[in-house]
Amino acid sequence: MTQVEKETTLYLGPQHPGITGNMMIELKVTGDTVQRAKTHVGYLHRGFEKLMEERLWMQCFPIVCRICVPEPDPNEENLARAIEEIEGREVPERAQYIRVMVLELSRIASYFLWMGGQAGSMGLYTMPQWTVGDRDYILDLFEELTGGRVYHMYIWAGGVRRDLPDGFAGRVRRVLDYLEERLTDYDRLFFQNALFLKRSQGVGVIDKDKAMEWGVVGPPLRGCGIAHDVRKDEPYEVYDKLDFEIITHEGGDIYARAMVRRREIEQSISIIRQVLDKMPGGPVHNPGPNPLKWKLPAGEAYVRTESARGEFGYYVVSDGSLKPRRIHVRGPAYVHGVSLLEKMLVGANIADVSVIMNSLGTCPPEIER
Amino acid sequence: MKEDWGREAGNIISNWARKHSLWVLAYGTGCGAIEIPPTMTSRYDAERFGISGMATPRQADVLLITGYLSVKTLKRVIRSYEQMQAPKYVIGFGSCTINGGMYWDSYNTVKRLDDYLPVDVFINGCMPRPEAVIDGFVKLQELIASKKANGWIRYQENLDWYRANQKKVIKNWNMPDYNW
Amino acid sequence: MNHEEHIINTIHTTFKSAEAEIQRKGRLLIRLRSDLLPAFVSYLKNYLDFNHLVMISCVDWMEDNQFELVYHLYSYAQKVHAMVKVRLNRSQPQAQTILPFWDQAGTYEREIHEMYGVYFEGHPDLSEFILEDWDDIPPMRRDFKTREFVNENYEWRKGREDAQDVRRTISERYDEKLPQFNNDDKANG
Amino acid sequence: MKNIKGVFLPFSALKFLGKKPHTVRYPLEKKKTAERYRGFHYNDIEECIGCGTCATICQNEAIDMIKIDGIEPKKGDSGLRPRVDNGRCCWCGLCVEMCPTGSLSLTDQYLQTTPDPESFLLIPGVDHPEYGEHKSFVKDDEIRLLDLQRVPMRELDGAERVKSFAEVVLGYMQEEARREASRCVDCAICVTACPDHMHIPEYIAAIADADDELALKYIYDNNPLPELCGKVCTRQCETVCAISHLGDPIAIRWLKRYATEQFPDPAVILNPKIAEPNGKKVGIVGGGPAGLSAGFYLALRGFDVTVYEALPKAGGMTFAGIPKYRFPEDSLDKQISYMEKIGVKIKTNTRIGKDISFEELEKRHDALFLGVGFHVPYRLGIIGEDLKNSIQAVDFLREINLGNKVDVGDKVVVIGGGNVAIDAARVARRLGAEVTILYRRRVEDMPADWEEIEGAEHEGVKIVPQGIPLEIIGKDGKVAAIKYGMAEMVPDPKGGRPRPKLIEGDEHTMEVTSVIGAIGQEADYSFLPERIKEKLEIERGRIKVNEYKQTTIDYIFAGGDTVNRTMDAISAIADGVKAVEGIERFLLGDKNK
């Protein structure tokens, strides 16, 4: 009996456990194969950029960390650095080291969450139990350092908000040692798992020649074997004083991206150890004017950070008043989650849709802000 | 009299049963969704309280509103809620469900969740910690046991009021008219 | 001669009307007539190796009655960031799409169309992207007052009406008559 | 082969089944939050001054300032306290960082789950006072958002100062003033302390906003002598300034001075609207701050005002009593010429009772304002007081300010600890003498401004505290030495401040060429006819007045030192401003009725 391949529309999300966050993909499928895909976003739109135009510069800091939920710190760091650039304010060196430590810790935390999601999307439910539980140790560190588990509001213009608590470095090292040890377990459970290999190798391939033109950044770009990393291209904070290499992996498929992230966890651990070794003493905050009367000189800046998902950018425009003229956020997921995902899903299996989504690290709140 | 007693006993038993198996609709509506994985996984392990995730509204008992709702999401949430089977409970999570939270002046988020859906328990915090989330569930269990968690009955009784509020912000109401 | 100066010189020889300057190391600022834009960015992309479209921003300069589109381009090879700026008339904002050069530009243009009301000529799909059933003026425009909108459309929880203003409380208690100087005479004079 | 291995590897996870779980035991055991955890608010109600800075910085408008039973507004306290809407708060802690008193903190409490959405309003410190035991996120000593350090004021060096009567304080430059003004949090607590209730936050905000003209408008709204206040005010505002709780108060006085100094002629900027003459005439006795302020605003409101001043120049004590290095004459001239432009007639060298009779005044005017001040010094009451070169500080300062020469010799002792004593000492120092101040109590008890005391010490004035003069020893009819005894401080049985008590036998003698007494002054009402004096209620030298500075004789109003005890220029100005309202009510009727 011949089966007529009829095109059906399938709505994946917004209420769907395989979707990362609150978004929806409209799939046109024949049989099991996706013919066309269209992303629908906006379910998490809060209008942050509009809200910030109504707030004082200092009042923007508690807001920006909400833009990316799994990894709030690049937002704070970016806004702080953009403001510092416009204002010409120096940041004490110790504060820069602490910022790097916070950024790398949040990168590890974000990758741990990703590992859980990636494994969960393939039906390996032990991984989320482990990784999310282990990630909590990093959140504990954050809580101790900043006073908040998820939203830290720790990095602000001129430095960071508090110095390290007594004995903090030792506790960071202990957590790092533990996580490093755990990576072997993860290897056995997940990265060498036959099911994972089967479903990741050769699936969700990004064309290496087109990757840069398509605006792919971060681990997906490095997973294509292209060595670009904002930390090396345009070193910010004290990354130029630290010893690390850009990690790449050939293939451009889900497996390559996973391996890049897997090795970057180890690299981040090594960076944090270097930071702890090299961290100088001194102040951690270079005070600015009274926040209620803080006028930024007219000017603009675009600053970028390498977040766990790739280049995170802030375009800040000041017209010399108490409030920002415009703050535009470039989340890496904006490109990954919309135009790239739409392209990559063509020809994919329905079951692979959420695996591909997870491998790109799509994060809806930073798409619609 | 005897009949009432029988019904009463039945209620107690069924409430006891409901209380110990709260299946949560896995819908990450707002940014609070980030604290749900830790709550559910090994460190905080909400499953020991009978709280477990459920993918579909039909099988779920609890709708967890994890934070702010944009108008676009509200529409989907109402739809999910209407599909859930009674008895069903709603938990408002984070200060943005209470009085707008930090999105109080956003043009795209609703400010008071209980205007649109019958909320049984509010959990305060921004984000609430996993402990607070579990505390909220424990509170809900207590309310169920004492028969006070009757938001779904309230919703049925005041459907017109809820519906009017919903239609006020959702401009294009192209959903089936669920009729209680 | 470093990268930046070289790029600026090349731009000036080809596009005479473009004003290019070095904002700081690794960052260029180029102002341009809006109709030249597609040609200019494709030139940057194909000849000067700016193959990464970072994003497209829009800034509302309401006082000048202009929108400013900022195209952020990045060259991985030279590690230079270029901000290409064009100004549009705010009353009838219209620009040409750069979709043929970068696919992801379509998303940015769709958002700008939705949030500012800028029309992109040649864009195949300027449908609603983030908002749903929006019938007010585009929300990111500066003349859209979000707080007024919120007060009209949403209700606040009661119980906070007894809040007092510190300044007024003090001036009332001490019978201080606070003068109101309007700056009108200053603006007129 | 690799895949086969991959199939079995995950089973190695089974070994963890035997391990101890790391689950947080709940509800049996709650995980301890970190030391800096940002939970619910706690406010130290006693320390809080209700400045509302927390409400201003909150980007969620989560904080309301509300009236709370049992907390009364007072000087330096608005009487309001913050209430947090936990349905808005995001626990960012900016309010804690900005709190100028450090009373607000966040605690490690975070559990609040309830079915009642109306129960999320929290008055920190009043609701849940037990949170005080759980303070967690508190202000850091090192890292602050508020700038607690005052922009230093440039001053002449001590060695330079004593050479001339040049002004000691040099004033802020524009950039310094902007920086200092931008430290302000606009809370208006200062207004509670200012006797005149000037619009302080408004003019400071204008200065910070680079709008000096607006600042001047606010300043002149209820103070016609701002340049005087900008230089010599006792600045009670600064003592209650919110920032002063943890740091240096805003230099409110210097900022006022800055604003007034920007414009050589205030009339050009202010361009005041003078009301149509209303035909009523008011006479003002005494051209001091009280009289001048009353005159200024009366003239603005269309009254015909004449000020009668006994000295050759108006200004009262500010002219006769304040040395020129604190308040230069041209500053005074500027203010007085502005008054004259408004239409205030000032008759100098006119002493009531001598140059013009009081009856004549009554005949000429519809209402009178008495602002005669205290110019008659108290006597020391010790032997040798009438010797030559034993003089009184007010006379001494007046003579110097009038440009007359006073020979004090090269070794001067000043008796007293008030501002007048310090002024006299510093003037004598400028005349080339070596100066010692003899004060009965301790240095910290001195009523003079600490800045003045510091300035005097800086200029080489010696201070001998707890010294009580016993006798002035003369030689050839002139002062030759002073005998004084040391005192110890004993507690006052009535609960007042400690009193000095002479120590038997601890007596010293110091050779001096002059003795300057500065232990206070009183009023001279000899110009008033007996019938008036009888009707006026005079209590311990002060005329009793009502709220509108009206005396018991309805057409006579009074203000300044004549009626109030604070004895400073700003209170006198406040009296004058208040009296304007009273005179207007009296002569034109109450418009509000």
Side-chain angles (χ1 to χ4, degrees), chain A residues 11 13-24 40-48 50-51 54-55 59 62-63 65-72 109-110 112-113 116-117 120 125-137 139-140 143 148-151 363-366 368-369, chain B residues 24-45 47 53-57 60 63 65-81 83-84 94 96 100-110 125-132:
Chain A
Y11 292 97
Q15 190 268 304
H16 188 281
I19 292 284
T20 55
N22 189 354
M23 63 187 278
M24 193 241 277
H40 293 271
V41 296
Y43 301 98
L44 293 171
H45 179 60
R46 289 148 280 182
F48 272 139
K50 182 76 185 177
L51 300 192
E54 306 251 346
R55 276 159 170 76
Q59 293 178 333
I63 282 197
C65 46
R66 265 89 180 163
I67 287 178
C68 179
V69 196
E71 199 193 9
S110 176
F112 268 67
L113 199 65
Y125 290 128
T126 314
M127 270 300 272
Q129 294 285 343
W130 283 12
T131 57
V132 178
D134 286 343
R135 167 179 171 264
D136 231 66
Y137 291 118
L139 298 191
D140 281 355
E143 186 184 322
R149 256 172 70 88
V150 177
Y151 293 142
C363 171
E366 77 185 29
E368 49 227 32
R369 306 176 293 277
Chain B
V24 182
L25 180 62
Y27 185 6
T29 48
C31 57
I34 196 71
E35 282 289 40
I36 298 306
T39 314
M40 295 294 180
T41 53
S42 55
R43 187 89 183 277
Y44 295 95
D45 193 16
E47 211 152 331
M54 180 43 64
T56 58
L63 178 55
I65 306 293
T66 51
Y68 65 94
L69 283 186
S70 68
V71 178
K72 203 170 173 177
T73 308
L74 177 69
K75 197 168 167 180
R76 277 75 181 169
V77 164
I78 291 169
R79 209 169 167 148
S80 298
Y81 181 74
Q83 287 179 31
M84 286 165 67
C96 31
M102 79 174 325
Y103 315 115
W104 61 280
D105 59 344
S106 164
Y107 50 85
N108 203 37
T109 62
V110 298
C126 181
M127 303 273 130
R129 297 168 63 89
E131 287 102 318

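Convention: sequence-line order gives letters A, B, ...; per-chain numbering from 1. Quantities reported herein were computed from a predicted structural model and do not represent experimental measurements.
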Options A:Asp140, A:Thr131, A:Leu139, ranked by heavy-atom pairs under 4.5 Å with chain B, top entry: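 With the most close heavy-atom pairs to chain B, the winner is A:Asp140.
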Donor-acceptor under 3.5 Å ([X] side chain, [Y] main chain):
{"X": "B:Asn108", "Y": "A:Arg46", "answer": "no"}
{"X": "B:Ser70", "Y": "A:His45", "answer": "no"}
{"X": "B:Tyr103", "Y": "A:Phe48", "answer": "no"}
{"X": "B:Glu35", "Y": "A:Val150", "answer": "no"}

Just wondering, do [Y] and [X] contact through their side chains at under 4.5 Å, heavy atoms?
{"X": "A:Pro14", "Y": "B:Lys72", "value": "no"}
{"X": "A:Asn22", "Y": "B:Tyr27", "value": "yes"}
{"X": "B:Tyr44", "Y": "A:Asp136", "value": "yes"}
{"X": "B:Arg43", "Y": "A:Val132", "value": "no"}
{"X": "B:Met102", "Y": "A:Arg66", "value": "yes"}
{"X": "A:Glu143", "Y": "B:Arg129", "value": "yes"}
{"X": "A:Arg55", "Y": "B:Asp105", "value": "yes"}
{"X": "B:Ile34", "Y": "A:Pro70", "value": "yes"}

Side chain / backbone / both / neither for A:Leu113 at chain B, heavy atoms under 4.5 Å: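 Side chain only.
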Would you compute the distance between atom [atom1] of [X] and atom [atom2] of [Y] and round it to the nearest 0.5 angstrom?
{"X": "B:Thr73", "Y": "A:Met24", "atom1": "OG1", "atom2": "CE", "answer": "10.5 Å"}
{"X": "A:Gln129", "Y": "B:Asp45", "atom1": "CD", "atom2": "CG", "answer": "7.0 Å"}
{"X": "B:Tyr107", "Y": "A:Leu51", "atom1": "OH", "atom2": "CG", "answer": "7.5 Å"}
{"X": "B:Ser42", "Y": "A:Asp134", "atom1": "OG", "atom2": "CG", "answer": "7.0 Å"}

For B:Ala55 and A:Gln15, which heavy atoms make the closest approach, and how far apart are they?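 Shortest heavy-atom contact: O-NE2, 2.7 Å.
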Which one wins on heavy-atom pair count under 4.5 Å against chain A: [options]?
{"options": "B:Pro130, B:Ser80, B:Gly53", "result": "B:Pro130"}
{"options": "B:Arg76, B:Met40, B:Met54", "result": "B:Arg76"}
{"options": "B:Val77, B:Thr41, B:Thr29", "result": "B:Thr41"}

Is it the backbone or the side chain of B:Ala33 that comes under 4.5 Å from a heavy atom of chain A, or both, or neither?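 Neither part; nothing is under 4.5 Å.
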For B:Leu25, which atoms come within 4.5 Å of any heavy atom of chain A: side chain, backbone, both, or neither?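 For B:Leu25, the contact with chain A is made by the side chain alone.
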